[in-house]
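Here is the structure we will look at.
Both ligands and their constituent atoms are indexed starting at 1 by order of listing.
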Amino acid sequence: MADRVLDLLKSEISPSEYKKYISKLRFDEKNSTSDNVVFTAPNKLLTGWIRTKYADKIAHIYESLTGTKPTVNIEHRSFTGDVKKQVSQSTQPKSKTASTILNTSYTFENFVVGSSNQLAFGAAQSVATNPGQQYNPLFIYGGSGLGKTHLIQAIGNYAINQGATVIYTTSEQFLNDFLYNMRNHTMERFRKKYRECDFLLIDDIQFLSNKEQTQEEFFHTFNELHRLHKQIVLTSDKPPKKIAGFEERLTTRFEWGLMADVQPPGLETKISIIKKKCELDNIYLDDEVINYIAAHMEDNIREIESAIIYLNAHAQLLSKQITIDFAAEVMKDLIKERTVNITLDDIIRVIARELNIKPSDIKSRKRAQPIVEARRIGIYLAKTLTPENKMKDLAEFFGLKDHTAVSHAMRKINELLQTDEDFKVKVEELKSKITSTKGESL
Ligand code: ADP
Ligand code: MG
């Protein structure tokens with residue numbers, strides 16, 4: 001099966017990519033299960049690069065062949081055996097659907113704390129050391145690449161070291177496991193597995209949206225674990241109330257314990273994270289280059305990490321020093337890709353469509369509340385997504401008197417973003433609609 005998968009991947013990528021990267025992969029049969037597939041790569045650099053670029057693709061190909069999407073782990077060969085730990089410590093024989101292996105580098109020590117993630121970090125440490133007490137469940141939410149998986153797995157790694165029984169799974173794997181056991185009439189086994197652990201960690205719970213049967217089963221699992229004071233930790237891209245397609249009895253339970261969000265990191269935190277990653281991966285970058293990356297890459301830390309790996313790989317292949325010019329040249333495409341020339345008109349078009357307000361009204365001086373709000377959001381997103389526009393350009397475009405009116409709108413909106421969770425979610429959704437529409441049309 002693994003060979004077939006890599007063969008199919010071959011047809012999807014260029015021959016040189018295949019030769020440079022994929023041909024170096026070896027299937028690790030011993031450590032693979034039906035929902036957790038392990039490949040090894042011969043060095044750290046390749047491992048990181050293949051993981052970032054191809055792991056998802058490989059998982060998709062598996063899914064297209066077997067109907068089940070496994071987690072694909074790419075590991076550096078010397079890692080196998082010693083560092084890796086099997087998560088499930090259940091006394092049962094290891095079932096084919098055994099839980100995922102945690103990434104051992106996702107620890108509290110390796111997590112950089114800043115004001116953007118302080119609450120979530122503190123909460124995660126607290127449940128790891130005091131499970132099933134105050135914060136049950138712990139619900140961590142926030143945008144992509146901001147450290148949710150890292151934190152939930154840090155809880156798992158910590159707990160395993162304390163000898164606890166930990167199940168870490170994505171909600172997709174939970175769903176697949178559920179369906180598998182249903183089909184095979186082995187629900188008893190399923191229930192035993194999920195209800196007899198000290199920690200149940202479910203990543204990306206939002207994927208259970210509209211999966212009623214699985215939600216029903218999860219509801220009972222949740223109740224049982226909660227009753228026994230076993231710790232439950234969930235992550236999601238949105239706060240409970242905002243995830244569509246969930247039964248209310250579940251979302252209210254998600255709010256029983258503590259909800260903690262992870263926000264995009266500020267510049268300082270980004271810089272510290274880059275330094276941390278360089279330290280962990282033995283990559284040397286001077287401060288100037290680090291600042292350049294932090295300033296030019298957006299907030300998704302996963303993308304920042306791949307940029308570092310990409311940069312380092314290029315420097316090694318070309319035997320070059322990583323100077324700021326070299327970095328700027330190599331990262332040109334990455335950065336361009338990130339800010340895909342969003343225009344002010346794109347922003348207005350999406351806001352008008354989503355909030356059902358005429359574009360001409362947004363750009364007028366009308367004072368009706370919904371129009372004022374749409375205009376402010378427009379100004380805010382224009383400021384964030386089109387940094388090339390000056391205050392006075394924005395004033396002109398949005399039909400405002402001058403740049404002070406733009407500053408006023410920015411202040412207002414920043415206030416709202418700080419105080420009104422619903423509003424923040426709305427703005428984030430609009431932002432992602434604008435960037436993704438643009439992505440699709442390219
Ligand atoms: P999410 O699950 O929120 O999409 P991840 O937890 O997968 O994001 O994070 C993406 C990458 O960024 C991971 O490799 C993680 O280690 C790293 N990362 C995110 N936040 C931090 C942080 N505060 N400190 C160190 N690394 C981080
Ligand atoms: Mg994640």
Side-chain angles (χ1 to χ4, degrees), residues 44-45 47-56 59 69 71-76 79 100-125 128 138-158 168-174 201-209 233-239 243 259-281 283 285 290 293-294 297-310 312 334 338 428 432:
K44 245 181 153 166
L45 201 74
T47 307
W49 184 238
I50 295 173
R51 187 183 295 140
T52 329
K53 270 205 86 174
Y54 304 102
D56 245 13
K69 187 173 172 186
T71 312
V72 171
N73 276 307
I74 313 290
E75 292 175 1
H76 179 194
F79 267 51
T100 319
I101 292 160
L102 295 176
N103 181 332
T104 46
S105 71
Y106 286 171
T107 59
F108 290 127
E109 294 74 42
N110 289 346
F111 192 83
V112 174
V113 188
S115 53
S116 54
N117 55 36
Q118 209 169 359
L119 174 68
F121 180 81
Q125 275 197 320
L138 169 61
F139 191 98
I140 302 175
Y141 67 94
S144 177
L146 300 182
K148 300 181 298 296
T149 297
H150 187 135
L151 279 177
I152 196 173
Q153 293 206 10
I155 298 172
N157 279 316
Y158 183 93
Y168 166 84
T169 170
T170 66
S171 65
E172 279 169 308
Q173 287 167 339
F174 182 84
L201 314 173
I202 304 195
D203 209 355
D204 290 321
I205 193 80
Q206 73 271 11
F207 291 121
L208 291 191
S209 165
V233 184
L234 308 169
T235 74
S236 161
D237 61 346
K238 294 192 192 66
I243 331 177
M259 290 183 285
D261 65 341
V262 283
Q263 292 282 327
L267 189 65
E268 288 302 311
T269 311
K270 266 202 245 179
I271 291 175
S272 311
I273 293 173
I274 297 173
K275 289 188 171 158
K276 185 84 188 177
K277 295 292 162 194
C278 288
E279 180 195 314
L280 291 173
D281 287 345
I283 294 175
L285 295 179
I290 293 178
I293 299 174
M297 292 292 296
E298 288 207 2
D299 300 329
N300 184 321
I301 298 162
R302 188 176 304 116
E303 289 178 11
I304 295 182
E305 274 181 357
S306 5
I308 302 173
I309 293 169
Y310 189 74
N312 192 51
L334 294 179
R338 304 280 328 129
E428 278 307 315
S432 75

**Message:** Regarding K148 and D204, does a basic nitrogen lie under 4.0 Å from an acidic carboxylate oxygen?
**Reply:** no
**Prompt:** With sequence neighbours left out, what residues match D261 under salt bridge (charged side-chain N to carboxylate O under 4.0 Å, His left out)?
**Reply:** K424
**Asked** Can you check whether V112 reaches T269 side chain to side chain, under 4.5 Å on heavy atoms?
**Response** yes
**Item:** Any I155 side-chain heavy atom under 4.5 Å of L201 side chain
**Value:** yes
**Request:** Tell me which protein heavy atom sits closest to atom 26 (N) of ligand 1, plus the residue, atom name and distance to 0.1 Å.
**Result:** K277 NZ, 3.2 Å
**Message:** Can you list everything that forms a salt bridge (charged side-chain N to carboxylate O under 4.0 Å, His left out) with K53? Sequence neighbours excluded, please.
**Reply:** E17
**atom 25 (C) of ligand 1: the protein heavy-atom neighbour that sits closest, reported with distance to 0.1 Å** = N110 O, 3.4 Å
**Request:** Provide, to 0.1 Å, the distance between atom 13 (C) of ligand 1 and the closest protein heavy atom, together with that atom's residue and name.
**Result:** Y106 OH, 3.4 Å
**Message:** Evaluate G147 for polar contact with ligand 1, using N/O atom pairs at a separation under 3.5 Å.
**Reply:** yes
**Complete:** Protein-side N, O or S atoms sitting under 2.8 Å from the Mg ion (ligand 2) are T149 OG1
**Prompt:** Would you say the side chain of I205 lies within less than 4.5 Å of the side chain of F139, judging by non-hydrogen atoms?
**Reply:** yes
**Request:** For the residue pair V262 and L151, establish whether any side-chain heavy-atom pair is separated by less than 4.5 Å.
**Result:** yes
**Message:** I'd like to check whether G145 has a polar contact with ligand 1, where a contact means an N/O of the residue lying under 3.5 Å from an N/O of the ligand.
**Reply:** yes
**Request:** Mind checking whether E305 contacts ligand 1 via backbone (N, CA, C, O), side chain (CB onward), both or neither, at a 4.0 Å heavy-atom cut-off?
**Result:** side chain
**Message:** Between ligand 1 and G114, can you find any atom pair, the residue atom being a heavy atom, that is separated by under 4.0 Å?
**Reply:** no
**Asked** Which atoms of ligand 1 have any heavy atom of N117 under 4.0 Å away?
**Response** 23 (N)
**Message:** Return the closest protein heavy atom for atom 20 (N) of ligand 1 as residue, atom name and distance.
**Reply:** I301 CD1, 3.3 Å
**Message:** Donor-acceptor check, side chain of D281 to backbone of I283, threshold 3.5 angstrom: yes or no?
**Reply:** no
**Request:** Enumerate the atoms of ligand 1 whose separation from the nearest heavy atom of G143 is less than 4.0 angstrom.
**Result:** 3 (O)
**Validation row: E172, L208 side chains within 4.5 angstrom (heavy atoms)** = no
**Prompt:** What protein heavy atom sits nearest atom 6 (O) of ligand 1, and how far off is it?
**Reply:** H150 N, 2.8 Å
**Asked** Under 3.5 Å between some N or O of ligand 1 and some N or O of F111?
**Response** no
**Prompt:** Parallel, tilted or perpendicular: which describes the rings of F108 and F121, with under 30° parallel and over 60° perpendicular?
**Reply:** perpendicular
**Prompt:** Side chains of H150 and N110: does their closest heavy-atom pair fall under 4.5 Å?
**Reply:** yes
**Request:** With the side chain counted from C-beta on, respond yes when S171 and D203 share a heavy-atom pair under 4.5 Å apart, and no when they do not.
**Result:** no
**Asked** What atoms of ligand 1 come closer than 4.0 angstrom to any heavy atom of S144?
**Response** 4 (O)
**Request:** Apply the side chain to side chain contact (heavy atoms under 4.5 Å, CB included) test between P265 and each candidate in I301, N117, I304; give the one that qualifies.
**Result:** I301
**Request:** Select one of side chain, backbone, both or neither to describe which atoms of T149 lie under 4.0 Å from any atom of ligand 1, heavy atoms only.
**Result:** both
**Item:** Residues in salt bridge (charged side-chain N to carboxylate O under 4.0 Å, His left out) contact with K238, at least two apart in sequence or another chain
**Value:** none
**Message:** I'd like to check whether V112 has a polar contact with ligand 1, where a contact means an N/O of the residue lying under 3.5 Å from an N/O of the ligand.
**Reply:** yes
**Item:** Shortest protein contact, atom 7 (O) of ligand 1 (heavy atom only)
**Value:** R302 NH2, 3.1 Å
